[in-house]
Amino acid sequence: PDSTVNNIKLKTSVLQKIVQSWDKSDHEEYYRDITKALKISLSHVMANSNDYVSNFQNKKFFITLALNDLINEMPLHELDKKYGVHKSILQNLQNSASSFASMVSSFCNKLGWHNIEILLTYLQSRLEFGVQRKLIDLMRITCLNSKIARMLYDANLDTVTQVAHASEEIILKAISKAREYIANTPGKDKIKYVDKIWVDSKKQMMTLEEISSLIQAEAREIIEKDTG
């Protein structure tokens, strides 16, 4: 919604760096499609490098880029660094965009525009969870975040049904890299390890063993409900 966009503060210096980093031969068509949808010209965006903060259309352009990065699984802290917008503001934008997509999807349902409704329903789920379409089914497991869902998918546990039929040992092996994190040290990055990670749905820290058990239990519960 326009009111949400209007309230977001962007940093001109950060956005200038984004524009300067573009390789037009690789990205021009992609960016032109976005500006066409927003009814502005790409040349206008690139020419007004000192007007990102106050120009509403330019704001919409960069926020669209940020949301596109979000649904392609770029973490909020990386979006914060890339666009110079605090992750709490990005979360608010994510929630607003997801809610708006849900409202338009319901509107399409009322009008009988079911093909558009299906597309918007997928978009709403991707905005809500910040994932690509192929992870949407896994995200029905409420204890997952996009990072752990991606680990399960990469281990060929790409549906709730497959997770439900997997052993806790297989699930644990699939998500084992969630224990790793990159610690910044002078001159290089160093991998460190943690014993527990935060599970948002439970509002607590849990070990990977506990999370594996929880993932399996939730997946089986979903399958039971689906099959009646």
Side-chain angles (χ1 to χ4, degrees), residues 1-8 29-40 56-76 79 83 85 87-150 152-154 157-165 199-203 214-228:
D2 287 353
S3 58
T4 303
V5 174
N6 233 358
N7 290 329
I8 294 176
E29 183 177 352
Y30 164 64
Y31 293 128
R32 197 175 297 283
D33 287 343
I34 295 174
T35 53
K36 182 178 179 181
L38 295 174
K39 298 181 179 179
I40 58 177
F56 180 70
Q57 292 296 334
N58 284 356
K59 245 188 200 186
K60 288 176 71 174
F61 173 75
F62 283 102
I63 288 170
T64 301
L65 294 186
L67 285 173
N68 185 65
D69 284 339
L70 175 73
I71 64 176
N72 283 292
E73 301 173 32
M74 181 178 286
L76 285 172
L79 286 170
Y83 293 98
V85 181
K87 64 180 183 180
S88 62
I89 298 175
L90 289 166
Q91 284 177 316
N92 182 54
L93 175 65
Q94 178 183 6
N95 292 335
S96 297
S98 176
S99 297
F100 187 72
S102 179
M103 290 169 55
V104 178
S105 176
S106 297
F107 178 73
C108 290
N109 176 269
K110 297 290 185 182
L111 294 177
W113 299 346
H114 299 301
N115 289 338
I116 300 175
E117 178 195 358
I118 291 170
L119 291 173
L120 286 168
T121 298
Y122 273 119
L123 176 61
Q124 186 273 328
S125 296
R126 292 186 65 190
L127 286 165
E128 179 181 357
F129 300 123
V131 297
Q132 295 184 29
R133 184 177 62 83
K134 53 195 174 185
L135 296 189
I136 290 175
D137 186 58
L138 286 174
M139 293 305 295
R140 293 196 292 156
I141 304 173
T142 62
C143 63
L144 296 185
N145 57 31
S146 59
K147 181 179 179 181
I148 294 180
R150 171 56 61 185
L152 290 172
Y153 185 90
D154 290 344
L157 299 173
D158 50 11
T159 66
V160 172
T161 300
Q162 288 175 320
V163 173
H165 290 123
V199 178
D200 196 54
S201 66
K202 297 299 180 181
K203 304 299 181 188
L214 182 61
I215 289 171
Q216 184 193 63
E218 280 199 32
R220 290 179 176 178
E221 184 178 344
I222 290 170
I223 295 302
E224 286 181 10
K225 289 181 179 179
D226 286 350
T227 56

- prompt: Does the side chain of S98 come under 3.5 Å of the side chain of Q124 through a donor N or O and an acceptor N or O?
  reply: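 Looking only at side-chain atoms, Q124 and S98 do form a donor-acceptor pair, the distance falling under 3.5 Å.
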Heavy-atom donor-acceptor pair, [X] side chain to [Y] backbone, under 3.5 Å:
X: Q94; Y: L127; value: yes
X: N95; Y: Q91; value: yes
X: T227; Y: E224; value: yes

Hey, what do you get for [atom1] ([X]) to [atom2] ([Y]), rounding to the nearest 0.5 Å?
X: L120; Y: F100; atom1: CG; atom2: CZ; value: 9.5 Å
X: L152; Y: Q162; atom1: CG; atom2: CD; value: 10.5 Å
X: L90; Y: N92; atom1: CG; atom2: CG; value: 9.5 Å
X: I71; Y: R126; atom1: CD1; atom2: CZ; value: 4.0 Å
X: S146; Y: N72; atom1: OG; atom2: CG; value: 11.5 Å
X: R220; Y: T161; atom1: CZ; atom2: OG1; value: 12.0 Å

Closest heavy-atom pair and its distance - I215, C143: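 Minimum heavy-atom contact is CG1-SG, 3.6 Å.
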field: Partners passing salt bridge (Lys or Arg N to Asp or Glu O under 4.0 Å) against E218 (at least two apart in sequence or in another chain)
entry: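 Residues passing salt bridge (Lys or Arg N to Asp or Glu O under 4.0 Å) with E218: none at all.
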task: Return the set of residues passing salt bridge (Lys or Arg N to Asp or Glu O under 4.0 Å) with D158 (not counting sequence neighbours), or none when no residue passes.
output: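 Expected list: none.
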Heavy-atom check, side chain of [X] versus side chain of [Y], under 4.5 Å:
X: N68; Y: L65; result: no
X: I222; Y: D226; result: yes
X: L70; Y: L79; result: yes
X: T142; Y: K202; result: no

Exercise answer: donor-acceptor pairs, residues 130-139 side-chain atoms, under 3.5 Å, sequence neighbours excluded:
unit_1, atom_1, unit_2, atom_2, d
D137, OD1, R140, NE, 3.1
D137, OD1, R140, NH2, 3.1
D137, OD2, V160, N, 2.8

